[in-house]
Amino acid sequence: MKKYMSYIKIALTVLLVVFILVDTGKDASSNAEIEDVSAQVVKAAKLSKETPAGNRMVKRFYGLNPGDYEGVVLYAPKDNMDVNELLIVKLKDTSQSKAVESAIRQRLDTQLKSFEGYGAEQTALLEAHKLQVKGNYIFFMVGDRAAAAQKAFLKSL
């Protein structure tokens with residue numbers, strides 16, 4: 001009987017350690033203001049051709065209602081032949097993450113189909129996009145400096 005009790009103690013200890021590791025591995029929500037995060041990202045991305053877009057463009061490009069989120073920042077291309085784009089979303093609740101990710105993937109698929117067959121440079125940029133979910137923030141960028149912008153995003157949280 002003592003032998004079984006020691007196995008049970010070991011099993012419970014292992015379960016406790018696994019639970020602690022899983023729990024601490026979750027992304028924590030950030031209290032950072034979206035204006036501060038976007039300022040750092042825009043600086044790192046060196047956005048020059050892209051312009052800040054309003055709520056109508058967020059709805060048009062992604063089908064998302066910005067009012068449903070704590071904050072949304074979109075820098076959109078100035079013309080239809082440009083694919084450089086930046087989207088940062090601060091979620092009200094992390095349960096919104098899947099819907100936003102899905103909208104981003106749909107936008108990416110649409111852009112890839114639009115440039116299929118003739119826009120090799122645009123297609124390469126689209127395929128090298130950066131998408132990051134970190135707690136209550138989502139970052140998406142297509143562009144030459146997407147990796148640098150992603151680093152700035154993570155650092156700003």
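Atom set for the values below is all heavy atoms of this structure, side chains included, hydrogens, waters and symmetry mates excluded. No experiment lies behind these values; they were computed from the predicted model shown.
Nearest heavy-atom pair across Ala32 and Val37 is CB-CG2, 3.7 Å.
In this view, Lys130 satisfies the salt bridge (charged side-chain N to carboxylate O under 4.0 Å, His left out) rule with no residue, not counting sequence neighbours. For Tyr137, there are no ring pair (Phe, Tyr, Trp, His ring centres under 6.0 Å) partners two or more places apart in sequence or in a different chain. Residues that satisfy the side chain to side chain contact (heavy atoms under 4.5 Å, CB included) test with Ala45, not counting sequence neighbours, are Leu47, Met141, Ala149. Residues satisfying the side chain to side chain contact (heavy atoms under 4.5 Å, CB included) test with Arg105, not counting sequence neighbours, are Glu101, Leu131. Scored by the salt bridge (charged side-chain N to carboxylate O under 4.0 Å, His left out) test, Glu70 finds Lys90 as partners (sequence neighbours excluded). Partners of Gln150 by side chain to side chain donor-acceptor pair (under 3.5 Å), not counting sequence neighbours, listed by chain and number: Gln132. For Lys59, the side chain to side chain contact (heavy atoms under 4.5 Å, CB included) criterion is met by Asn65, Pro66, not counting sequence neighbours. Arg107 is linked by a salt bridge (charged side-chain N to carboxylate O under 4.0 Å, His left out) to Glu85, counting only residues two or more places apart in sequence or in another chain. Not counting sequence neighbours, the partners of Ala148 by the side chain to side chain contact (heavy atoms under 4.5 Å, CB included) test are Arg145.
Separation of atoms CD (Glu33) and OG (Ser38) is listed at 10.5 Å; rounding is to 0.5 Å. To the nearest 0.5 angstrom, Ser29 atom OG is 10.5 Å from Leu157 atom CG. Atoms CD1 and CD1, from Ile88 and Ile138 in turn, are 11.5 Å apart once rounded to the nearest 0.5 Å.
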Please report, to 0.1 Å, the donor-acceptor pairs under 3.5 Å made by any side chain of residues 113-126, with sequence neighbours excluded.
residue	atom	partner	partner atom	Å
Ser114	OG	Thr110	O	2.9
Tyr118	OH	Ser114	O	3.3
Gln122	NE2	Met81	O	2.9
Thr123	OG1	Gly119	O	2.8

Residues Gln96, Asn136; criterion side-chain contact (heavy atoms from CB on, under 4.5 Å); working and verdict: CA-CA 9 Å; Gln96 297 174 308; Asn136 58 331; over 6 Å; no

Test log, rule side-chain contact (heavy atoms from CB on, under 4.5 Å), inputs Ile104 and Leu87: CA-CA 9 Å; Ile104 290 169; Leu87 176 70; 3.9 Å; yes

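Pairs passing the ring pair (Phe, Tyr, Trp, His ring centres under 6.0 Å) check and including a residue from residues 52-107, sequence neighbours excluded, do not occur.
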